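Sequential numbering from 1 along the given sequence is applied to the chain's residues. As the structure is a prediction and not an experimental result, all values here were calculated from the model.
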Amino acid sequence: QVQLVESGGGLVQAGGSLRLSCAASGRTFSSYAVGWFRQAPGNEREFVAAISGSGSSTYYADSVKGRFTISRDNAKNTVHLQMNSLKPEDTAVYYCAATARSYRSTYQYNYNYWGQGTQVTVSS
């Protein structure tokens with residue numbers, strides 16, 4: 001079992017930055033790839049970024065590539081999402097999720113464990 005808790009969301013102006021964190025419980029955290037997803041009102045949940053269990057490999061949605069960076073610290077059971085050059089269209093609830101499958105899985109139903117989400121609002 002893995003329990004996930006997100007933090008770091010908030011209100012920021014366009015062009016600004018935020019750093020989201022995902023704190024995990026469980027002694028086998030490094031066995032799981034972790035992904036970030038987001039969901040805006042009226043939209044389906046979409047993949048943002050993912051990182052392998054070791055942290056050596058990452059994968060990004062085209063919409064955030066070059067602006068967002070995912071990282072993890074397995075000693076602290078945490079995953080971060082550094083978001084730079086934020087745009088109003090990045091406004092959404094952001095969720096972290098864990099999967100025993102490949103970190104390249106962008107399909108939300110491949111992720112077994114989910115956090116409660118954190119709101120990110122980017123004003124224009």
Query raised in the report: So, for G8 and L18, which heavy atoms are closest and what is the spacing to 0.1 Å?
Result: O-CD2, 3.9 Å
Query raised in the report: What distance separates N74 CG from S30 OG, expressed to the nearest 0.5 Å?
Result: 5.0 Å
Report task. Search all heavy atoms of A33 against all heavy atoms of S102 and return the closest pair with its distance. Result -> CB-C, 4.3 Å
**Report entry** same_hphob_cluster(L4, Y111) at 4.5 Å side-chain heavy-atom cutoff
**Finding:** no
Query raised in the report: Are M83 and V122 linked, directly or through other ILVMFWY residues, by side chains that come within less than 4.5 angstrom of each other?
Result: yes
Requested in this report: Mind checking the CG-CD spacing from N77 to Q3? Nearest 0.5 Å is all I need.
Outcome: 12.0 Å
Query - Q116 atom CD, neighbour heavy-atom count above 12 within 6.0 Å - result: yes
Query raised in the report: Which pair of non-hydrogen atoms, one from L81 and one from A49, has the smallest distance, and what is that distance?
Result: CD1-CB, 4.2 Å
Requested in this report: Under the side chain to side chain contact (heavy atoms under 4.5 Å, CB included) rule, collect the residues that match up with S57, sequence neighbours excluded.
Outcome: S52, Y103
**Report entry** Close side-chain approach of T99 and N112, heavy atoms under 4.5 Å
**Finding:** yes
Requested in this report: Without swapping roles, check the side chain of T121 against the backbone of L11 for a donor-acceptor pair under 3.5 Å.
Outcome: no
Query - Side-chain donor-acceptor pair present, H80, S21, cut-off under 3.5 Å - result: yes
**Report entry** Pairs satisfying salt bridge (charged side-chain N to carboxylate O under 4.0 Å, His left out), at least one member in residues 47-65, at least two apart
**Finding:** D62-K65
Query raised in the report: Under a 4.5 Å side-chain heavy-atom rule over Ile, Leu, Val, Met, Phe, Trp and Tyr, are V79 and Y60 clustered together?
Result: yes
**Report entry** ring-ring contact (aromatic ring centres under 6.0 Å, His included) assessment of W36 paired with F68
**Finding:** CA-CA 11 Å; W36 284 94; F68 291 10; 9.9 Å; no
Report task. Sorted by first residue and then second, give each ring pair (Phe, Tyr, Trp, His ring centres under 6.0 Å) pair with at least one member in residues 14-34; sequence neighbours left out. Result -> Y32-Y113
**Report entry** Within 45° cone and under 6.0 Å: R104 NZ/CZ vs Y59 ring
**Finding:** yes
Query raised in the report: Does any pair with a residue in residues 71-83 pass salt bridge (charged side-chain N to carboxylate O under 4.0 Å, His left out), and if so which ones, sequence neighbours excluded?
Result: none
Query raised in the report: Taking the side chain as C-beta and beyond, is there a heavy-atom pair between V120 and T91 under 4.5 Å?
Result: no
**Report entry** Shortest non-hydrogen contact from A40 toward A92
**Finding:** N-CB, 3.8 Å
Query raised in the report: Can you tell me how far the CD atom of Q13 sits from the OG atom of S123, to the nearest 0.5 Å?
Result: 5.0 Å
Query raised in the report: Y94: what forms a ring-ring contact (aromatic ring centres under 6.0 Å, His included) with it, not counting sequence neighbours?
Result: none
Requested in this report: Could you tell me which residues satisfy salt bridge (charged side-chain N to carboxylate O under 4.0 Å, His left out) with R38, sequence neighbours excluded, listed by chain and number?
Outcome: E46, D90
Query - Nearest-0.5 Å distance, CD of residue Q82 to OG of residue S17 - result: 5.5 Å
**Report entry** Approximate separation, where rounding is to 0.5 Å, of R67 CZ and N84 CG
**Finding:** 9.0 Å
Requested in this report: Taking the six-membered ring for Trp and the single ring otherwise, decide whether the centroids of Y107 and F47 are under 6.0 Å apart.
Outcome: no
Query raised in the report: Any link between L20 and V34 through a network of hydrophobic side chains (Ile, Leu, Val, Met, Phe, Trp, Tyr) touching at under 4.5 Å?
Result: yes
Report summary line: dist C96:SG -> I70:CD1 (nearest 0.5 Å) comes out at 9.0 Å
Report task. Could you tell me whether the side chain of Q108 reaches within less than 4.5 Å of the side chain of W114, counting heavy atoms only? Result -> yes
**Report entry** Side chain E6, main chain C22, donor-acceptor under 3.5 Å
**Finding:** no
